[in-house]
Amino acid sequence: MLNIAITIAAVLMCLSLMLNLWRLFKGPSRPDRILALDTMYINSIALIILFGIFSRTTLYFEAALLIAMLGFVSTAAMCKYILRGDLIE
Amino acid sequence: MNLLWVVLLPLIGTLVPLFTERFGRNICAFCVALLPAWSLILVLMYAPDIFNGQAIRQTIEWIPAIGLEVSFRLDGLSLLFLLLILGIGLLVILYARYYLSLKDSMSRFYVYLMLFMAAMVGIVTSNNLIQLWMFWELTSISSFLLISFWSHKSEARKGARMALTVTGAGGLALLAGLLLIGRIVGSYDLDTVLASSDIIHAHAAYPVALILVLLGAFTKSAQFPFHFWLPHAMAAPTPVSAYLHSATMVKAGIFLMARFYPVLAGTDLWFIIVSLTGLTTLLLGAYIALFKHDLKGLLAYSTISHLGLITLLLGLNSPLAAVAAIFHIINHATFKASLFMAAGIIDHESGSRDMRQLNGLWQYMPYTATLAIVAALAMAGVPLLNGFLSKEMFFAETLNQSVLGSLSWTIPLLAVIGAAFSVAYSLRFIHDVFFNGQPVDLPKTPQEPPRYVRIPVEILVALCLLVGIFPAFVVGDLLHIASFAVLDHTVPVHNLAIWHGLNLPLLMSFMAMVGGVILYYNRRHLFEFQSHFDTTDAKHIFERTIQSLVKAAESITNTLENGSLQRYVFTLLLCTLVMGGLPLIELTQNSGTRASIPLDGVTIVCALLMIFSAVATVIWHRRRFLALIFLSVVGLIVSLTFAKFSAPDLALTQLSVEIVTIILLLLALFFLPQSSLKESSNRRLSVDLLVAGLIGCVIGTLCYAMLTTPLNTMSDFFIANSKTGGGGTNVVNVILVDFRGFDTLGEIIVLGIAALGIFKLIANMRIAIPARDDKGRAWSNDPHPMMLEVVSQSLLPLALLVSAYIFLRGHNMPGGGFIAGLITSVAIIQQYIAHGVQWIKPRVTIDYQWIIASGILIATATGLGSWLFGQAFLSTWFDYFSLPWIGKFELASAMLFDLGVYLTVVGAVMLILANLGKLTTSERLDIQENN
Amino acid sequence: MEFWVELVASILLVTGATFAFIGSLGLAKLPDFYTRLHGPTKATTLGMGCLLIASMILVTYWQGYLSVHELLITLFLLITAPVTAYMLAKTAMHHKLQILEKTTDKTLSKRAAERMTP
């Protein structure tokens, strides 16, 4: 049962990622693209968690943690770039 | 006693003038002279052993595994040369003290001179081929410095450059030759090489090695056709000419031939090359010398001629001729050095070196004139002077050879002609300068020089006389042991006597004398005959050649490096394609035996995402911000891939590097155009596309072949020894801090240097901020949104916690100092982004440069710490402890090292990013108007 | 494996993934940026919460002691998602992106306009 659930979840996450990429391609505005990228970061966390459950290991936990943390920094930096141009002022 | 000191003392002497110049010229010269004098005393203390037929050796091992060592040896030949180098060197130091004018920097001259002396001593005492070559090149360099001592003169610079080019090029040939010999023998040890004459003679590469070594010797000793540099080197101060161009540097080539005489001589090839070159040089030098009006020019060509004579003797392949050659080395050094010094005195006291102006100096400086005349007569080969003896031995040897078959009789004839010219130019030196009427238009009235400057000349002239009158008593033993070394311990019977009875050599000497006098008497006809030839100056030919070489090099460089990055990448990729692609064509099967991992849906989807994003990055590369977003997707998927294929460490590193890179690019992108124009033609684009595609195919094929082939790599070793040797279960981290700890240390140092370099480049740079973005919109007027500020601040401790956690577990689980450092940096950068520099400044007072420095210091100190325990550099120490409440835990020195890595990374990243951010502190001008 | 544990985890996994998918679907399908912003920042964050709880339950069950790692990620996401949304909305407003006519509340925007210009 768990494996079936993992499979369903993985399929859904893959579809999500593809939808995100589609939005990334399509745009049309820069905030749209940044939002798509941010969503891709979050969806990859899900993929990594699923992979961890699937292979019964906690080894990949830090990778997920890092994506959660760094994804936010990256999104914030990009927004700041658009708003002010200069990241560090 | 220590043989090493013989070389080291002159080398230390290079520092002495710098410290003693302030105490005055006399003290400076005296102190400088002390060291070679000491060295000479050391040599003389060895002399009794050498005269007993021993050779003294001393070796200091450096890297024994690859046969590198510092090795010295002292035998008869070395002793002879050491006496010349150090003895005449001392005289030159004394002479230069009075010769150099107050305008010349004395310390600079002595530094160069001592450097040269050390190099020469090194050449003659080296017992290792590579070491010998190193000193050989050092003489080229130091002679360049000496010749160009008066660097304000164009001719000095040109002459120095020419000497360096010719002797330096010869040095490279010599290196090739020595390496070849070392390869043939299997050792660079001179003793071993000298004992392997059979192996070398029988080897197929012998001719190549011989020619290469001879090229080195001939360029150094100014043999035809490389003789042209020596006359131009006369632009040097006269002490330099007296030292380098009579006694030492030009003799280095002769020394080389003598040193390798046991292993290289004795073949027809040696005979043909060496003797014919020597003969040509002898005749050419003697002939041209007669026509030179410049006093030093005459001496320079006469030096060339005498060097040719020695070379010819060495080339005759007869033991007695070799003895004669060594004897002539001594004699030539003494009379030519004194002649140069005399010429220098004349130049100094009369202001001219032109023999058309210098006439009748006898009446102004009779004492100096006497000395010069005696030395010149020695050069001419007049009986009772040393030149006569070696010249007679030379004549005897030309008679004894029969190598040209029935034409052998021409060699004695040519020798006599050469000797006659030598007599003629010696006569010219004597008659033109000291007699022959009155001086013409001299800048100043000649007079006798100061007392001390004549002492070196007196000593040398006295030696000429002593050797000439009591040859066996004065130099008999020295000549014997030197020949003993050259001829591999079998010295032929020779008789150093003035009178051998009425024989053919004596008749030849007589003929040369008479011929010389006749030539000189009829010199007007000769000068007129010579004026029909247009004498092209070697300097012009040389400069033209060099210029055309430079032009050719420039045009090649300009063709290859036209400043187009596109072109460079294209060339690079094309080369890669050819080098990497061609072997692949020969490979019939590209898949190995390793079974493939089954495909799963997630992997396929991720691969597709990556491919699309990568292609999108390329397509939209002109819209830079967009390209950056797509690049981030590629980075993200790559780190997912690392995680999928069991490389969590790589995934972590990739992620953190990715974010730091994005921030860096965003910081830089602000100063760049937001979109770039299309610059390449469509044709260019399609060619580039083709090459890039092909490269992709080649790399893809290579990857496939690599991944499917089960390779026996080092991984097993690392996995097996990680826990037992490094005390950690995370092999990646143990490799970084232990197995390859030295690499890591080097890398963090490079990182630190790079960060400091970037800091230095941008530290004082201020760039004006564009008032609007690329679409013409005004910037937002809220520099630090409050929500972002608050949340970023509350995230900081959380991020630091994560960073500490990843650092601490790094040794056993995925993580480590590098990743932790990047996470910390990102956390701090986030504060910069949210709050701005002004907010951070009072809160972070520590200097990032100090963080870098302390990181490197900690890492190095950890490495050095293992020395305290008698371990090798960077050995890891680890042990397990247990404390109440915490339980069992491990302490390892590797963690301390990792701390160094962590600090360096934090310092470097922060130094770069924070300073890039600080580029813009100026106000945004029209913010108010637009809102 | 205990049936209940498996059941709960499976339900949480499928629910979470569905929410995340809905978030992405919203991002792809909705008509303007401001509506699109809702999907990833709300639905996806909720979905992630479910997934992380599932992971927490399973890891706790396998290891035998409570796994709190996942809470850290959840914490991160819960703190950052609103800020991300805020920053993106700010960016969009800065760019004056088109707003769907029917989502604008005239009274509110009028009041806001009055407040903006003193």
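Predicted model only: the values in this text are computed from it and were never measured. A note on names: the letters A, B, ... follow the listed sequences, proteins ahead of strands, and every chain is numbered from 1.
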For this session: Locate the shortest heavy-atom distance separating C:R36 from C:G26; write the atom from each residue and the value.
Result: CG-O, 4.1 Å
Problem set entry | Reported CD1-to-CE distance for the pair A:I53 and C:M56, which is rounded to 0.5 angstrom | 12.0 Å
For this session: Without swapping roles, check the side chain of C:Q98 against the backbone of C:D32 for a donor-acceptor pair under 3.5 Å.
Result: no
For this session: Take atom CZ of A:F51 as the centre, draw a 6.0 Å sphere, and report whether it contains more than 12 heavy atoms from other residues, nucleotides or ligands.
Result: yes
Exercise. Which bit of C:L7 comes within less than 4.5 Å of chain A, counting heavy atoms only: side chain, backbone, both or neither?
Worked result: both
Exercise. Quick one: what part of A:M69 sits under 4.5 Å from any heavy atom of chain C, side chain, backbone, both or neither?
Worked result: both
Seminar exercise, completed: Taken to the nearest 0.5 Å, the spacing of C:L72 CG from A:E62 CD works out to 10.0 Å
For this session: Against chain C, label A:A10 side chain, backbone, both or neither, depending on which of its atoms sit under 4.5 Å from a heavy atom there.
Result: neither
Seminar exercise, completed: Value for OG (A:S44) from CE (A:M13), rounded to nearest 0.5 Å, stands at 8.5 Å
Exercise. Looking at A:T75, A:I82, A:L35, which makes the most heavy-atom pairs under 4.5 Å with chain C?
Worked result: A:L35
For this session: Indicate yes or no: at least one non-hydrogen side-chain atom of C:T91 is less than 4.5 angstrom from one of A:R30.
Result: no
Problem set entry | chain A neighbours within residues 37-46 of chain C, where any heavy atom lies under 4.5 Å away | C:L37, C:P40, C:T44
Problem set entry | Heavy-atom contact with chain A under 4.5 Å, split by part of C:F76 | side chain
Exercise. Top residue by heavy-atom pair count (under 4.5 Å) with chain C, among A:A9, A:S16, A:A5?
Worked result: A:S16
For this session: State, to 0.1 Å, how close A:L83 and C:H94 come at their nearest heavy-atom pair, and which atoms those are.
Result: CD2-CB, 3.6 Å
Seminar exercise, completed: Note: A:Y60 and A:I48 closest approach over all heavy atoms is O-CG2, 3.5 Å
Problem set entry | Residue A:D32 versus chain C: region with a heavy atom under 4.5 Å | both
Exercise. Do other residues, nucleotides or ligands put more than 12 heavy atoms under 6.0 Å from the CG atom of C:L71?
Worked result: yes
Exercise. Counting heavy-atom pairs under 4.5 Å to chain C, which of A:A76, A:A46, A:A64, A:P31 comes out on top?
Worked result: A:P31
Seminar exercise, completed: Heavy-atom closest pair (C:E2 atom, C:Y61 atom, distance to 0.1 Å) is N-OH, 3.2 Å
For this session: Look up atom CE in A:M40 and atom CG in A:L47, then write down how far apart they are to the nearest 0.5 Å.
Result: 10.0 Å
Exercise. Is there a side-chain contact between C:I99 and C:F33 (heavy atoms, below 4.5 Å)?
Worked result: no
Exercise. Non-hydrogen atoms of chain A under 4.5 Å away: do they reach the side chain of C:L27, the backbone, both or neither?
Worked result: both
Problem set entry | Region of C:L30 that comes under 4.5 Å of a non-hydrogen atom in chain A | backbone
Exercise. Measuring heavy-atom distances to chain C, does A:I67 have an atom under 4.5 Å in its side chain, in its backbone, in both, or in neither?
Worked result: neither
Seminar exercise, completed: Cut-off 4.5 Å, heavy atoms of chain A, and the answer for C:M87 is both
Problem set entry | Pick from A:N43, A:N3, A:T57 with the largest number of heavy-atom pairs that fall under 4.5 Å of chain C | A:N43
Exercise. For the candidates A:V11, A:I49, A:I8, which exhibits the highest count of non-hydrogen atom pairs separated by less than 4.5 Å from chain C?
Worked result: A:I49
Problem set entry | Which atoms of C:L97 approach chain A - backbone, side chain, both or neither, heavy atom under 4.5 Å | side chain
